[in-house]
Amino acid sequence: MSESSSFNISASSISNWDYEADVVVAGYGIAGVSAAIEAARAGADVLVLERSGGWGGAASMAGGFVYLGGGTPLQRALGFEDTVENIKSFMKAALGPGTDDAKIDADCEGSVDHYNWLVDAGVVFKESFWGQPGWEPPHDDGLMYSGGENAAPFSTSISPAPRGHVPQMSGKNTGEQGGGYMLMKPLVETAQALGVRAEYDRRVQSLVVESDGRVVGIDATRYGKDLYVKARRGVVLAMGSFAFNEEMVRANAPRILSRPAASIEAHDGRAIQMGQSIGAATALMDVTEVAFFCDPQLLVRGILVNGRGQRYINEDTYPGRLDQATLFHQENQAFLVIDEAAFEEGAASETSSPELLMQPTWVADNAAELEAEMGLSAGSLQATIEQYNRFAAEGTDPLLGKNPKWVKPLRGALAAIDLRGRTGGFTLGGLKTDADSRVLHVSGAPIPGLFAAGRCTSGVCAGGYASGTSLGDGSFFGRRAGISAAQEAKSPDGIAMAQGAAAH
């Protein structure tokens, strides 16, 4: 039996293969199913290995946003104009710094085609737009702003368009059966119709590697027994992030240590470690998405202040951007200050996350009393509210550019919600891949036979985030991984030979 610490084994040590396929996919979430479909359509015999008892992964429990744009049929049907250049400009600005522009260009240029691919596979997007703040639509609406496109600092220089496409599901329950489930279900059914095989309860442990560096299979375990799986053309890793690997988080992204969110325990970083063990490069391992555990319907109606009583970001921006600013730049110190009328209005709003409509921590008759109750420095919160109210009376926010729709003076009795430490996140870095989803060696050359997609790779997000980029990136580059793996020709080209070719 292979040890859990062994991330690769020699092909010469295997005398008998338990399974064989042209393309072997590790993981049956959004990246894995997309890879399986395209590999099968390219004529490959495909086998998927999944560690749990069924398909879905984190994707099936997600809200279901797929980040698409450039003029999708859904955008056009609902009256929104978008162009490839607009979505490129936004993604490079909002998802940086340091985005992989080749990946973003490919993703944006192929976005309309990718929408049609999803629809052709049976994914349904309802022609209905949800325009309220929130993490996702509370109903079965198909389109929503999901990245702060319509808020400062992006809306003044890049023409905004909603790009969060959500598969339709009536009576959805995110975390059990939501938009993510309705994305995965038809894709898995498409894969099954194409003859894709799946083996469940198989925990992938190691890559099987030839002496020339080519990946030719996988070692998996089931109930402690080794199973050797041969890949005649290529292996696709689609096993998720490292958000639940405490050691890797501590070493690479310590700001979210002990606070994983929007991920599952299977996201243990194994795929990344397997790739690293044979020289794969990684990128953006310190990059994370962050979420506040407070409903955006409340956030937009108040002012968010730090531990010094100062505003630091416009409250109507994408919640993930707001949350990153809090954890990364405000020492995880945040308070939402809101007046009674605004709180009641927000609390009565329709939302997908009513459990996050938090009750006030402190209530006072005026700013001075509230400031004292909160333990802030004398005059700090009062000065912030005075400045905000002075301009809010005119419907403006010159300091941070909050949309006039949400700018109203704070009047009468005031409340504050304690948001200190109420953040969680997941990792966005991983194996370095090219735009064709080939895993790259530290030399820059592709590792023969190895491909990857989804959260085990460094994708389109390099710092910022927009809801839908995980499922969008995973499915788009999962497709490319499947195509690349199916087209991989068995040859003696090892890493050394590939490096030599690259040098010329």
Side-chain angles (χ1 to χ4, degrees), residues 18-60 62 66 110 113-114 116-123 167 180-204 207 215-218 220 227 229-240 266 270-271 274 431 433 436-439 449-457 459 470-488:
D18 296 284
Y19 300 97
E20 289 192 27
D22 293 329
V23 175
V24 177
V25 180
Y28 216 176
I30 187 62
V33 70
S34 300
I37 289 170
E38 291 292 59
R41 285 178 173 168
D45 171 38
V46 183
L47 173 64
V48 182
L49 304 176
E50 167 58 41
R51 68 180 280 172
S52 68
W55 55 263
S60 65
V66 183
D113 171 75
H114 191 48
N116 292 329
W117 182 86
L118 291 168
V119 171
D120 289 344
V123 180
Y181 175 83
M182 290 308 293
L183 175 66
M184 286 296 302
K185 184 174 184 290
L187 291 179
V188 171
E189 290 171 348
T190 297
Q192 292 170 340
L194 289 167
V196 171
R197 295 174 288 143
E199 292 288 339
Y200 299 106
D201 298 311
R202 267 64 171 178
R203 186 179 290 257
V204 172
L207 295 172
V215 174
V216 294
I218 279 176
L227 299 168
V229 185
K230 183 176 182 178
R232 292 185 288 264
R233 300 186 195 176
V235 167
V236 178
L237 299 179
M239 297 162 60
R270 188 79 189 182
M274 287 161 54
L431 297 171
T433 55
D436 291 316
S437 298
R438 299 179 296 179
V439 176
L450 187 60
F451 309 86
R455 283 276 65 89
C456 66
T457 69
S470 284
L471 296 181
D473 173 289
S475 55
F476 184 83
F477 289 103
R479 291 175 61 195
R480 290 196 163 202
I483 293 169
S484 295
Q487 294 175 344
E488 180 83 347

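Residue indices begin at 1 and follow the sequence shown. Heavy atoms only: backbone and side chains are in, while hydrogens, waters and symmetry mates are out.
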Under the salt bridge (charged side-chain N to carboxylate O under 4.0 Å, His left out) test, residues paired with D113 that sit two or more places apart: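 Applying salt bridge (charged side-chain N to carboxylate O under 4.0 Å, His left out) to D113 gives R479.
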Residues which pass salt bridge (charged side-chain N to carboxylate O under 4.0 Å, His left out) with K185, listed by chain and number, not counting sequence neighbours: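 Partners of K185 by the salt bridge (charged side-chain N to carboxylate O under 4.0 Å, His left out) criterion, ordered by chain and then number, come out as E189.
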Search all heavy atoms of [X] against all heavy atoms of [Y] and return the closest pair with its distance.
| X | Y | answer |
| --- | --- | --- |
| L118 | L183 | CD2-CD1, 4.0 Å |
| D22 | G43 | OD2-O, 4.3 Å |
| S475 | H114 | OG-NE2, 2.8 Å |
| L431 | A271 | CD1-O, 3.8 Å |
| E488 | G449 | OE2-N, 3.0 Å |
| A26 | M239 | O-CG, 3.3 Å |

[X] side, atom [atom1]; [Y] side, atom [atom2] - distance, nearest 0.5 Å:
| X | Y | atom1 | atom2 | value |
| --- | --- | --- | --- | --- |
| C456 | M274 | SG | CE | 9.5 Å |
| Q192 | L187 | CD | CG | 11.0 Å |
| R270 | L237 | CZ | CG | 11.5 Å |
| W55 | I30 | CH2 | CD1 | 10.5 Å |
| E20 | D18 | CD | CG | 10.0 Å |
| F451 | Q487 | CZ | CD | 9.0 Å |

Contacts of type side-chain hydrogen bond (donor to acceptor under 3.5 Å, both in side chains), residue T190, not counting sequence neighbours: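 So T190 forms no side-chain hydrogen bond (donor to acceptor under 3.5 Å, both in side chains) with any residue.
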Student check: side-chain heavy atoms of R197 and D45 closer than 4.5 Å: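 SC-SC contact between R197 and D45 confirmed.
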Side-chain (S484) to main-chain (D436) donor-acceptor, under 3.5 angstrom: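 Present.
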Any donor-acceptor pair under 3.5 Å from R41 side chain to A39 backbone: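 Not a single qualifying donor-acceptor pair exists.
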Criterion side-chain contact (heavy atoms from CB on, under 4.5 Å) on L194 and I37, from CA distance to verdict: CA-CA 7 Å; L194 289 167; I37 289 170; 3.9 Å; yes
